[in-house]
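Everything on this sheet refers to the single structure shown next.
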Protein chains: 2
Amino acid sequence: MEDLKKLIREVPDFPKPGILFYDITTLLKDPIGLHRAVDALANHYVGRKIDRVVGIEARGFIFAPMVAYRLNAGFVPVRKPNKLPAKTASASYDLEYGKDALEIHQDAVSTGQEVLIIDDLLATGGTAAAVAKLVKSLGGHVAGLGFLIELEFLKGREKLSEYQIHSVLKY
Amino acid sequence: MEDLKKLIREVPDFPKPGILFYDITTLLKDPIGLHRAVDALANHYVGRKIDRVVGIEARGFIFAPMVAYRLNAGFVPVRKPNKLPAKTASASYDLEYGKDALEIHQDAVSTGQEVLIIDDLLATGGTAAAVAKLVKSLGGHVAGLGFLIELEFLKGREKLSEYQIHSVLKY
């Protein structure tokens, strides 16, 4: 999988000075790169019962639905506040400065369902931990968390130590 | 395809009074509904050369990548300003009050490529027209525009009369 890294563009000082941004748009536009990335994420779970795949607005909406399609599961969006039209459950999480919140439809996951959380990037793990909490609050079981890229130096795994984590590319 | 409508939740007065919102999350969470919706969008283009599938932030990121995966094409995101990290092209479009802008990476589409634009909803067509303009500004050919839902009474097709349009469900 390491050669997938060649398709990821490294952009220095984005979105602010000192940050090295891993731009996956160069991988996504490549038909073979896209297919290999989705399959590397999804194949890890083939043969297991996965009922729902959850993705987080906005970039997380890219991979999670493709993984759901590949695994014959349903897709569930987690969105910023006031975007989902029916009754929601909400969880807040810490940002560098202040807090933000995420919402999920209350009827998106049923008790006992196996739920996979997929995102493009595991950084500090704060968002993923909030999403896992939302899934559990609806009675779902977190079957695992899958990421295309894991930034190991940010130690996101420590915040998610109770879950199974699968990442395709590590930096 | 009309029975897919049964999986779409109608929410009155969202996001504001007098608007009937077609909530596709109830379709997305259904594994069979998700698969049938993606295939109904994608199968229309099977056998044609499609190089890139473009999706628009945020809800447009859900279907466009799945269609790209299904058609063995690449996926290209169109985003709100200042989200894409490399050099972009920009197009503005009219909102009910004021204007907004969308961006695409300049290197996302090459001259002569066949580009499909996929979104969940065709309403007034303003966003789709702006995205088609962006694709053409990069030298791409708009192979078609595909929508899960078309709100016919808003006459979006009139604004997109120069393009081939395919919609799965009409209201």
Side-chain angles (χ1 to χ4, degrees), chain A residues 9-15 19-35 37-39 42 50-77 79-80 82-86 104-105 107-110 113, chain B residues 9-15 19-35 37-39 42 50-77 79-80 82-86 104-105 107-110 113:
Chain A
R9 171 162 50 194
E10 302 186 5
V11 182
D13 300 320
F14 187 87
I19 305 282
L20 178 63
F21 188 85
Y22 294 96
D23 175 17
I24 59 167
T25 66
T26 37
L27 180 151
L28 292 167
K29 76 173 179 178
D30 182 290
I32 294 169
L34 177 78
H35 241 267
V38 171
D39 292 350
I50 302 291
D51 300 300
R52 301 278 184 271
V53 180
V54 173
I56 306 148
E57 182 172 9
R59 259 169 35 208
F61 284 2
I62 297 174
F63 276 106
M66 289 191 286
V67 170
Y69 183 83
R70 176 73 184 74
L71 294 175
N72 293 309
F75 166 70
V76 170
R79 300 205 66 175
K80 288 158 189 169
N82 306 315
K83 297 283 191 78
L84 291 170
I104 192 168
H105 271 147
D107 63 2
V109 171
S110 307
Q113 284 188 324
Chain B
R9 171 162 50 194
E10 302 187 4
V11 183
D13 300 320
F14 187 88
I19 305 282
L20 179 62
F21 188 85
Y22 294 96
D23 176 17
I24 59 166
T25 66
T26 37
L27 180 150
L28 292 167
K29 77 172 178 179
D30 183 290
I32 294 168
L34 176 78
H35 241 267
V38 171
D39 292 349
I50 301 291
D51 299 301
R52 300 279 183 273
V53 180
V54 173
I56 306 148
E57 182 172 6
R59 258 167 37 208
F61 284 2
I62 297 174
F63 276 106
M66 290 191 286
V67 171
Y69 183 83
R70 175 74 184 74
L71 295 175
N72 293 310
F75 166 70
V76 170
R79 301 204 65 176
K80 287 157 190 168
N82 307 314
K83 296 283 192 78
L84 291 169
I104 192 171
H105 272 146
D107 63 3
V109 172
S110 308
Q113 284 187 326

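Below, chains carry the letters A, B, ... as their sequence lines are ordered, and counting in each starts from 1.
- Between Pro65(A) and Ile62(B), the closest heavy-atom pair is CB-O, 3.6 Å.
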*Test side-chain contact (heavy atoms from CB on, under 4.5 Å) on Met66(B) and Arg70(A) and set out the steps.*
CA-CA 9 Å; Met66(B) 290 191 286; Arg70(A) 176 73 184 74; over 6 Å; no
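- For a residue to count as touching a neighbouring chain, one of its non-hydrogen atoms must lie under 4.5 Å from one of that chain's; by this rule Phe14(A) touches chain B with the side chain only.
- In terms of heavy atoms, Asp51(B) sits closest to Pro31(A) at O-CG, 4.5 Å.
- Contact annotation for Leu84(A): both backbone and side-chain heavy atoms come within less than 4.5 Å of a heavy atom of chain B.
- Within the structure, side-chain hydrogen bond (donor to acceptor under 3.5 Å, both in side chains) pairs that include any residue of residues 26-35 of chain B comprise Asn72(A)-His35(B) (at least two apart or interchain).
- Residues Ala68(A) and Leu34(B) come closest through the heavy atom pair CB-CD2, 4.0 Å.
- Only the side chain of Pro77(A) comes within less than 4.5 Å of a heavy atom in chain B; its backbone stays farther off.
- How far CD of Glu57(A) is from CD of Glu57(B): 7.5 Å, rounded to the nearest 0.5 Å.
- Counting heavy-atom pairs closer than 4.5 Å to chain B, the top residue among Val53(A), Val76(A), Asp39(A), Asn82(A) is Asp39(A).
- By number of non-hydrogen pairs under 4.5 angstrom with chain B, the leading residue of Val11(A), Asp107(A), Ile32(A) is Asp107(A).
- Residues passing the side chain to side chain donor-acceptor pair (under 3.5 Å) test with Asp13(B), sequence neighbours excluded: none.
- The number of heavy atoms from other shown groups lying within 6.0 Å of CG (Leu20(A)) is above 12.
- Contacts with chain A were tallied for Pro85(B), Ala58(B), Ala108(B); Pro85(B) has the most, counting heavy-atom pairs under 4.5 Å.
- By number of non-hydrogen pairs under 4.5 angstrom with chain B, the leading residue of Phe63(A), Phe75(A), Tyr69(A) is Tyr69(A).
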